[in-house]
Student: 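Pasting a structure below so you can have a look.
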Amino acid sequence: MQALAPAASIFAVVGVVGWVVTTWLRVKHGYPLESSWGKAIYPKTSSEELERIKLLSQENAQLRAELGSIKDRLGNVERIVTDSGYSLTHQIEALRELPRN
């Protein structure tokens, strides 16, 4: 019987540490905690939180659409700047600014 006591205590410590690590990982990755009956106890959701999530999702969609249009506009500006006519204009202006001897 005394030979089993160290093994049982090690088994108990490993079990508790495993439970703590599992719970920490669930919280870290956003999974809801559950009671002993499997009912979620965290995070609790309410209609107010669901409404806020809906509003944030709509705002996110609007911002993504705006970002898409800004990317298009930036692409046009890059095309204009890298155009050969634009660089030719800069070269002409640089020649005009050279001091004459």
Student: Not counting sequence neighbours, which residues clear salt bridge (charged side-chain N to carboxylate O under 4.0 Å, His left out) with Glu93? List them please.
Tutor: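 With sequence neighbours excluded, Glu93 shows a salt bridge (charged side-chain N to carboxylate O under 4.0 Å, His left out) to Arg96, given in chain and number order.
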Student: Enter the distance from Glu48:CD to Ile53:CD1 here, rounded to the nearest 0.5 Å.
Tutor: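 Here the rounded value is 11.5 Å.
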Student: Distance-only check: which donor-acceptor pairs under 3.5 Å involve side-chain atoms of residues 59-73, not counting sequence neighbours?
Tutor:
from: Ser69; atom 1: OG; to: Glu66; atom 2: O; distance (Å): 2.8

Student: Could you tell me whether Arg52 atom CZ has more than 12 heavy atoms of other residues or ligands within 6.0 Å of it?
Tutor: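 No.
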Student: Spell out, yes or no, whether Ile10 and Val16 are grouped together once hydrophobic residues are joined by side-chain heavy atoms under 4.5 Å, including indirect joins.
Tutor: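 Shared cluster, no.
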Student: Should Phe11 and Trp19 be regarded as members of a common hydrophobic cluster, given that ILVMFWY residues are connected when their side-chain heavy atoms come within less than 4.5 Å of each other, either directly or indirectly?
Tutor: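 Unlinked, Phe11 and Trp19 end up in two clusters.
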